[in-house]
Amino acid sequence: MSIWQSLPEFGTGVLYAILIAAAYTFAVALASSTGRPRLLQAARLGAYGTVSLVGLSVLVLAFAFVSHDFRISYVARYSDRSMTTPYLVAALWGGQDGSLLWWLFLTSVFSAGCVAWLRRKYLELQPFVIATLMTIIGFFAILMIFAANPFTTSAGGAPVDGSGLNYQLRNFYMIIHPPSLYIGFTSSAIPFAFAIAALATGRLDNEWIVATRKWMLFAWLFLSIGNALGMLWAYEELGWGGYWAWDPVENAAFLPWLTASAYVHSTMIQERRGMLKVWNVFLICATFFLTIFGTFLTRSGLISSVHSFAQSGIGIFFVYYMGVIAAVSITLIVWRLPRLRSEGAFESVLSREAAFVLNNWGFLSLTVFIATATTWPRISEWLLNQESTLGPTFYNTWIPPLALVIFFAMGAAPLLGWRKTSPELFLKSFRWPVAVMLVVATIHLLIGKRVNYPAFYDAAPIYEGALGRALAWLSGKLPFVTVMLVAFNITVVVQEFYRGVAARQRSKSDEGLFTSLFNLVAKSRRRYGGYVVHVGIALMFLGFTGRAWGVDKELSMSPGETAQVDYYSMTYVGPRMEVDNEKRMIFTDLDVVRQGKSIGRVTPAKFIYKTGADQPSTEVAKHMTIRDDLYVIVGMVNPTTKVASFQFHVNPLVNFIWIGVGILILGAIVSMWPEVALEEAGAFGYIRAAASVATSVIFALLLAAGPSLAYGGTASPRAPPAPAIEAPSPAPLPGAALAPAK
């Protein structure tokens, strides 16, 4: 029998081989910890062999997709013969079973990269690093063999054609969003493996922390990219007017980003002062734990979500695995507490260490708050015997004040000295940032209302009584505070660059301005790349705050009728229908005038697919400017009267979010770019360079795709009238949500 005839059985056999190879490598790696070099080399070769088997399993499933092998039920559920090759590849991670295999594949790739990078470094840590990575690979192999096998065959035989990938997933961002997010999730396994190895061996000096810092920055970068691409997908495809609704799956992806952000800051304190060792080990373990916890939330059915996979029985596997991770991590930390004691102590609250600690406590508080609120429906059911859900309004009321504390600490930390800040340095450092902040605040107070960005607004209380009124009052003031802090943070970064360049030019009078700037960044990439990241986050805060000045309106319009939404005037031209091989497309044309000037036509639409007529997709129309987006959604179109219902959203400053993401990526690339030195030419140097190139390509693709994202254009010839189509109820807007900063 050929491999083709037994492809499902062959794929399942490869999964068993992965488990056996991982178990063998785990045992040999632990045996090599007694100081036998030959066993360590065998463990390294075993890791490569395990990774090769994982790669083979992915190739088998990918081949099944492109060859339309509908004997495999996963292939039949998530593909059909009409899908193009890019979407067939994306379907590999479009469902639960395939996404777990993709997770395993990425984990194995980073495991191989780590083993290659280690070579003859960290010889005492290597056995435990390899063993830990093999336990992760082994867990996912067990999960797929016994609960989520992507090679399971259909009980009723192979159908003629498959069901096809969900049409909301046939989106440019869904091709690159899950891999980016999964890269962030899976690469966090490497710092976790180093932490376990350091705890197990007792080698808890700065040697291992330097290695994990590089890997964690890599994971943090792709967690950032993955979350940003998810926001873009939601904004483009879901058609509810926003980009973040505090959905449980969104929160699950956000939680490890918070702890990773805390770590990339606090690690500097350990490197410089020998402090926060327990804190750093905890943050690394917590980040990896939260990646597994997020996967559990997505796939267990514990919390309902518009993004989650179908409910299945794999949740109990994750519960046991999370228990093992927590038990092993806590036990090792408690065992090594004497060796984890800090070598220094805080000398002043006006110090960089204190600002970093404030920053980290803010991140941890947000993590605990969001995790508790996300799981509150189950907690309330267990404790109160009733299920209650916390919506976006709850998050948007409680999170921004804490987020702004972190935002302030982010800007203040570079202005403070290590150990203690003298009064002279304090005044010198804060003078210009505070002055610019006050000037911007004054301008905002004077002209903000005239340009539709008032400094204060009246927020509706979410509770009755004094607490509700106090929170509403505070929410109404936060946009003004945010604008002030954006000015403060950007001025801090400009001042730091100015001081650095000025110092170089004083010491090297022959250097030009741009040469000094280039050399300054080249010699301190990590520091100045971090400053660029801070600028990106400041702009993202400005974009998040724009939601406070947004305008939302729902209207039903007849052809020829004109509606006014903020300073946009829209005339409904009428509906038209077009048909292709897979769908009917109902377009509704609107001519848009902004402050008396015609800006063209927008065309929101409904697509009704032959294979999913009960789930029409919403095609958003947008007019994008640096000031705001006009975001239009069509709901129902009456086939007789041609009356259409529309949702109009004016989203101020939203494009500063995407600009900020691009600047954040640029700063992370600068921080990660390897030194031009022989010792950097190893595996991790190539990984960092490849990551930098990959993120550059992703950002370039986003820029290239931008002009085509707003669906619109000249009206096509009128087709027969469309049937009435009910739009799904829009998700609640996220309000003036402020995502916490790095």
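The structure displayed is predicted, hence computed values, not measured ones. Residues take their numbers from the sequence shown, with the count starting at 1.
- In this structure, a donor-acceptor pair under 3.5 Å is present between the side chains of N651 and Y235.
- Looking at Q96 and I314, their side chains come closer than 4.5 Å, going by heavy atoms from C-beta outward.
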query = What do the steps show when you test T588 against M557 for side chain to side chain contact (heavy atoms under 4.5 Å, CB included), and what is the final call?
reply = CA-CA 11 Å; T588 50; M557 301 176 66; over 6 Å; no
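- Using a cut-off of 4.0 Å between Lys/Arg side-chain N and Asp/Glu carboxylate O, R594 and D566 are scored as not salt-bridged.
- Annotation: cation-pi geometry not satisfied between R81 and F70 (NZ/CZ under 6.0 angstrom from ring centroid, within 45° of ring axis).
- When every heavy atom of L106 is checked against every heavy atom of P179, the shortest pair comes out as CD1-O, 4.1 Å.
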query = Given the rule in the side chain to side chain contact (heavy atoms under 4.5 Å, CB included) test, do H623 and V592 qualify, once you have shown the distances and angles that lead to the verdict?
reply = CA-CA 9 Å; H623 173 71; V592 183; 5.8 Å; no
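- Within the 4.5 Å cutoff, no side-chain heavy atoms of Y568 are placed close to those of V551.
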Identify all side-chain donor-acceptor contacts of residues 148-155 below 3.5 Å with residues at least two apart in sequence or on another chain.
{"from": "N149", "atom 1": "OD1", "to": "F151", "atom 2": "N", "distance (Å)": "2.8"}
{"from": "N149", "atom 1": "ND2", "to": "T12", "atom 2": "OG1", "distance (Å)": "3.1"}
{"from": "T152", "atom 1": "OG1", "to": "N149", "atom 2": "O", "distance (Å)": "3.1"}

request  = Carefully, step by step, assess F544 and W244 under the rule ring pair (Phe, Tyr, Trp, His ring centres under 6.0 Å).
outcome  = CA-CA 10 Å; F544 295 139; W244 192 273; 8.4 Å; no
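- Looking at heavy atoms from C-beta onward, L258 lies in side-chain contact with I370 at the 4.5 angstrom threshold.
- Judged by distance alone, the side chains of T571 and T562 do bring a donor and an acceptor atom under 3.5 Å apart.
- Taking the six-membered ring for Trp and thresholds of 30 and 60 degrees, F318 and F296 have ring planes inclined between 30 and 60 degrees apart.
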task = Would you please test I659 and I626 for side chain to side chain contact (heavy atoms under 4.5 Å, CB included) and show each step?
result = CA-CA 10 Å; I659 295 170; I626 194 66; 3.4 Å; yes
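- Side chains of T186 and F105 form no contact here, defined as non-hydrogen atoms less than 4.5 Å apart.
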inquiry  = Using ring pair (Phe, Tyr, Trp, His ring centres under 6.0 Å), reason through F646 and Y572 one step at a time and then give a plain yes or no.
reply    = CA-CA 10 Å; F646 295 97; Y572 175 37; 5.3 Å; yes
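- N251 places no side-chain N or O within donor-acceptor distance of the main-chain N or O of F254, the cut-off being under 3.5 Å.
- In plain terms, the two heavy atoms of P559 and V573 that are nearest each other are CB-O, 3.8 Å.
- A253 approaches N227 most closely through the heavy-atom pair O-ND2, 3.3 Å.
- At least one side-chain heavy atom of L290 sits less than 4.5 Å from a side-chain heavy atom of F293.
- Using a 4.5 Å heavy-atom threshold, the side chains of M540 and V661 count as touching.
- Side chain of E619 to backbone of F607: no donor-acceptor contact under 3.5 angstrom is found.
- Aromatic ring centroids of W103 and F185 lie under 6.0 Å apart.
- Considering all non-hydrogen atoms of both residues, A147 and F317 come closest at CB-CE1, 3.6 Å.
- Of the residues I292, T374, V249, the one that meets the side-chain contact (heavy atoms from CB on, under 4.5 Å) test with L297 is T374.
- Using modelled atom types and a 3.5 Å distance limit, the side chains of W257 and S224 yield a donor-acceptor pair.
- Closest heavy-atom contact between M585 and K583: SD-CE, 3.6 Å.
- For the atom pair OG1 of T603 and CG of L590, the computed distance is 7.5 Å after rounding to the nearest 0.5 Å.
- Side-chain atoms of K606 and S617 include no donor-acceptor pair closer than 3.5 Å.
- By the 4.5 Å heavy-atom criterion applied to side chains, V654 and H649 are not counted as neighbours.
- Between V643 and S558, the shortest heavy-atom distance links the atoms CG2-OG, 3.4 Å.
- Atom CD1 of residue I225 and atom NE2 of residue H177 lie 12.5 Å apart, to the nearest 0.5 angstrom.
- The structure places CG of L88 at 15.0 Å from OH of Y78, a figure rounded to the nearest 0.5 Å.
- For the atom pair L15 CG and F10 CZ, the distance stands at 10.5 Å (nearest 0.5 Å).
- Contact of the Y631 side chain with the V620 side chain is registered, since non-hydrogen atoms from C-beta on lie closer than 4.5 Å.
- Atoms OH and CG, on Y609 and D580 in that order, are 8.5 Å from each other to the nearest 0.5 Å.
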task = Test L181 against L223 for side chain to side chain contact (heavy atoms under 4.5 Å, CB included), laying out the working first.
result = CA-CA 5 Å; L181 192 59; L223 285 171; 4.2 Å; yes
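- To the nearest 0.5 Å, atom CG of residue L92 and atom CG of residue L59 are 9.5 Å apart.
- Proximity of a side-chain donor or acceptor of Y457 to a complementary backbone N or O of W549 within less than 3.5 Å is not detected.
- In this pair, W658 and Y243 present their aromatic rings perpendicular. The plane angle is above 60°, beyond the 30 to 60° band.
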